[in-house]
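Below you'll find the structure, written out as structure tokens, and then a few comments.
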Amino acid sequence: MELAATHGAQLPDQPDAAALDAFLLDRRQKDPTRFPDLSLAVVKLLGRGEYAVELPGQTSTEHFGLAVKNYTHSTAPNRRYPDLVTSGC
């Protein structure tokens with residue numbers, strides 16, 4: 001929220017992936033030269049990801065960075081491509 005405020009924007013009090021995405025898209029369009037630094041700062045502020053276990057019958061949590069549900073990934077570096085193409089899980 002503080003970082004967005006330094007750029008004249010306001011983010012909600014609670015984490016909101018769509019609002020963060022809109023802020024970043026706006027900043028990329030308005031200041032493409034400085035956008036890589038801003039993007040890196042946001043990644044560092046988000047910190048490490050967390051794994052969430054979804055048991056049968058439970059509602060899945062949203063992947064915050066992608067703002068999607070039903071996301072899966074492989075942990076081995078040589079299996080990163082399936083991260084991008086796995087859908088409908």
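These numbers come from the heavy atoms of this one structure, side chains and all, not from hydrogens, waters or symmetry mates.
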Leu46-Phe35 co-clustered via ILVMFWY side chain contacts under 4.5 Å: yes
Contact check, side chains of Arg34 and Leu38, non-hydrogen atoms, under 4.5 Å: no
Test of understanding: clusters of I, L, V, M, F, W, Y form through side-chain heavy atoms closer than 4.5 Å, transitively. Do Met1 and Leu24 belong to the same one? yes
Sub-4.5 Å side-chain heavy-atom contact between Asp31 and Thr33: yes
Calculate, to the nearest 0.5 Å, the distance between atoms CG and NZ belonging to Leu3 and Lys44 respectively. 12.5 Å
Heavy-atom nearest pair, Leu11 first then Phe23, reads CD2-CB, 4.0 Å
Which residues satisfy the salt bridge (charged side-chain N to carboxylate O under 4.0 Å, His left out) test with Arg28, sequence neighbours excluded? none
